[in-house]
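Read through the structure below, which is laid out as structure tokens, and then see the notes.
Below, chains carry the letters A, B, ... as their sequence lines are ordered, and counting in each starts from 1. Keep in mind that the numbers below use all heavy atoms, side chains included, and drop hydrogens, waters and symmetry copies.
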Amino acid sequence: MPEATVPFKIFRYKQGQNAGHYDTFDVPIDEDTTVLVALQTIRRDQDSTLMLRHSCHHASCGTCAMLVNGREELPCVVNVLDLRSSPVVVEPLRNIPLVSDLVVDMTDFYARVNPADRPYVRHSEFLPWAQTPDGIDSYSRFENCIECGACVSACPISGTDPDYYGPAALAAAWRVVEEPRGRQPQQALNWVDNEKGCWRCHVAFECTEVCPSGVDPGGKIMALRGELSKQKLRGLFGFGRR
Amino acid sequence: MQETQDLESRGPVRARRPLTAWFDVRRDRLGSWAFALNRLTALGLTLYLFIHMAVLYLLAQGESRWDSFILVVRSPLFLALDVVLIFGILFHGLNGIRVSLVGMGIGVRNHRRLFWILSAIGLVLLLVSAWLVFTI
Amino acid sequence: MRDKSLTHQGPRQDRSGAIWLIQAFSGLLLVALLLLHMVAHHFIVEGGLREFRQVVDYASHPAIFAITIIFLIVVTVHTVLGLRAILIDLRPSLAARRSIDWLLLAIGVAIIIYGIWLEFIIARL
Ligand code: SF4
Ligand code: SF4
């Protein structure tokens with residue numbers, strides 16, 4: 001039995017249109033309904049032209065990321081009744097080209113995060129026995145990144161300048177520095193050492209706030225800058241570059 | 001440049017305009033607030049710097065011009081503006097310390113704690129200086 | 001398909017890192033200098049510097065004179081670089097950016113020259 005009927009205000013856009021608009025649908029909701037399921041219900045029962053992307057339904061693939069009430073979320077793990085809002089506003093990610101309705105074109109995003117000749121994203125190994133050494137609170141691995149694009153959507157600099165590498169790609173570069181595994185850390189550092197890279201970030205951690213996977217891209221960018229700052233200051237005082 | 005065209009030819013990008021992007025603080029994110037305030041105070045302080053330097057020219061014009069100027073800025077309105085100025089300086093300076101450190105990779109994990117500690121220091125300094133402004 | 005490799009993506013290393021570091025260190029220096037400035041102006045003399053003669057005598061003191069000029073230069077650098085960062089975030093075209101850089105350089109130099117000139121005049125009063 002549905003517990004409530006909740007209106008969903010959804011951003012709509014189709015190729016060739018000049019601008020988007022919003023459609024509102026009333027959706028029957030019970031206590032377990034997630035935003036993603038509600039959207040699928042709309043597509044099944046009310047408007048089969050509603051476009052959205054999703055895959056796993058449990059926050060491990062990052063495919064469905066979108067804005068729910070203006071905040072970057074994985075709608076597969078957002079409970080509708082928990083939102084306590086009416087209507088629930090659903091929009092596509094910002095700062096990434098729009099394909100249709102809630103679907104954005106992730107081509108460039110993937111290209112940046114995972115440059116073809118240097119795969120920054122690796123298979124992660126599962127180490128259940130790993131214990132954290134003294135002085136380390138917890139492990140946080142870039143491989144946590146599920147490439148959802150939420151951070152890029154939240155980043156004001158990605159909104160300002162489409163050429164900015166964006167938080168996810170920069171966090172990926174830090175992983176090479178942190179744990180080279182045969183790759184060249186200096187190459188990654190040089191790649192980010194410019195105005196489209198880590199120096200453009202304005203240190204407000206919007207990306208870290210919205211990341212659903214605990215990657216802390218903002219922190220990783222600061223780590224890149226820390227490393228580069230050290231190198232630059234050493235260079236300045238004549239200790240030479242490493 | 002190439003990339004920009006590429007992106008935009010594929011479909012509209014729902015990007016925010018820079019100005020709205022900077023002040024997108026509705027999600028009670030500490031960092032965004034700090035950044036927005038940092039820019040606002042930056043602009044305010046820049047304006048003040050220009051005014052300050054222009055005003056000092058009055059000194060060069062001799063004692064009488066200076067004295068009449070001092071009389072004006074001793075009025076309660078200007079004293080209140082002084083407190084606004086001190087707020088701007090304190091916020092921009094203390095937040096700047098945090099951003100400089102964090103931006104060089106120092107204390108990244110504790111940037112929120114750093115913000116609150118510096119804010120507390122700032123608040124005390126603001127209250128003390130406001131008191132001084134109106135009493136001495 | 002576009003080349004996605006790192007070496008072909010985006011610009012090469014540039015001065016933005018150095019500029020950011022200058023901004024950070026000039027900012028930190030300003031905190032110290034401003035503290036000095038405030039204490040000197042408001043606490044050294046009972047009730048703060050206000051009288052014409054007091055201000056002029058104070059400004060003519062050689063050490064204060066030197067510190068003021070350093071302060072002037074650092075504050076100008078910090079202001080100009082800060083304005084540049086804000087303007088760049090407004091997405092100017094490449095040509096506009098070049099004019100912005102020149103304009104800001106001119107403004108910075110003008111402020112410093114004006115400030116030093118004023119300092120000398122006041123010191124001679
Ligand atoms: S911290 Fe930097 S990368 Fe992250 S959202 Fe802010 S500007 Fe973007
Ligand atoms: S860093 Fe986080 S928010 Fe960004 S793409 Fe990866 S998982 Fe998503």
Side-chain angles (χ1 to χ4, degrees), chain A residues 11 13 15-20 67 69-72 91-100 103-105 107-108 112 137 153-163 196 198-199 201-210 216 218-230 232-233, chain B residues 1-43 91-92 94-116 118-119:
Chain A
F11 180 86
Y13 166 81
Q15 294 280 314
Q17 294 175 349
N18 288 330
L67 301 185
N69 290 342
R71 193 186 198 283
E72 286 75 11
E91 297 161 299
L93 292 180
R94 295 188 180 104
N95 308 336
I96 303 179
L98 198 55
V99 176
S100 179
V103 178
V104 291
D105 183 348
T107 315
D108 276 277
R112 279 186 189 161
D137 305 339
S153 173
C155 172
I157 303 299
S158 294
T160 295
D161 185 348
D163 289 337
K196 306 294 181 193
C198 67
W199 298 107
C201 165
H202 70 222
V203 200
F205 295 92
E206 292 91 336
C207 48
T208 296
E209 299 274 334
V210 301
D216 185 17
K220 302 290 187 282
I221 296 171
M222 295 313 117
L224 285 167
R225 287 166 57 152
E227 196 55 38
L228 285 167
S229 299
K230 251 186 259 161
K232 285 179 197 299
L233 292 176
Chain B
M1 290 297 106
Q2 175 68 35
E3 193 139 48
T4 317
Q5 281 175 357
D6 240 343
L7 283 175
E8 276 160 9
S9 61
R10 224 177 296 132
V13 181
R14 295 189 67 241
R16 292 156 288 182
R17 304 254 156 71
L19 277 173
T20 42
W22 302 345
F23 297 107
D24 180 16
V25 288
R26 69 208 141 103
R27 283 160 253 181
D28 71 343
R29 294 175 188 160
L30 187 65
S32 316
W33 276 104
F35 172 69
L37 256 182
N38 205 58
R39 287 231 148 144
L40 275 180
T41 50
L43 292 172
F91 182 86
H92 196 83
L94 293 170
N95 185 58
I97 293 178
R98 182 185 68 101
V99 172
S100 304
L101 292 178
V102 172
M104 282 185 263
I106 303 166
V108 179
R109 271 170 180 272
N110 294 315
H111 73 96
R112 284 171 165 277
R113 202 170 305 154
L114 203 57
F115 179 86
W116 290 118
L118 289 171
S119 297

ask   = What's the verdict on side chain to side chain contact (heavy atoms under 4.5 Å, CB included) for A:Phe205 and B:Val102, showing C-alpha distance, side-chain angles and the deciding distance?
value = CA-CA 11 Å; A:Phe205 295 92; B:Val102 172; 3.8 Å; yes

Handout entry: Test side-chain hydrogen bond (donor to acceptor under 3.5 Å, both in side chains) applied to A:Ser229 - qualifying residues, sequence neighbours left out
Key =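 If we apply the side-chain hydrogen bond (donor to acceptor under 3.5 Å, both in side chains) test to A:Ser229, skipping adjacent residues, there are no hits.
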
_Just to verify, what does B:Thr41 make a side-chain hydrogen bond (donor to acceptor under 3.5 Å, both in side chains) with, not counting sequence neighbours?_
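Scan of B:Thr41 (side-chain hydrogen bond (donor to acceptor under 3.5 Å, both in side chains), adjacent residues dropped) gives B:His92.
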
*To the nearest 0.5 angstrom, please state how far the CE atom of A:Met222 sits from the CD1 atom of B:Ile106.*
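Between A:Met222 CE and B:Ile106 CD1, I get 12.5 Å after rounding to 0.5 Å.
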
- Task: Please round to the nearest 0.5 Å and tell me the distance separating atom CZ of B:Arg112 and atom OG1 of A:Thr208.
- Result: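 Answer rounded to 0.5 Å: 9.5 Å.
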
- prompt: So, the side chain of A:Arg225 versus the backbone of B:Met104: is there a donor-acceptor pair under 3.5 Å, distance only?
  reply: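 Side chain of A:Arg225 to backbone of B:Met104, a donor-acceptor pair under 3.5 Å: no, none is there.
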
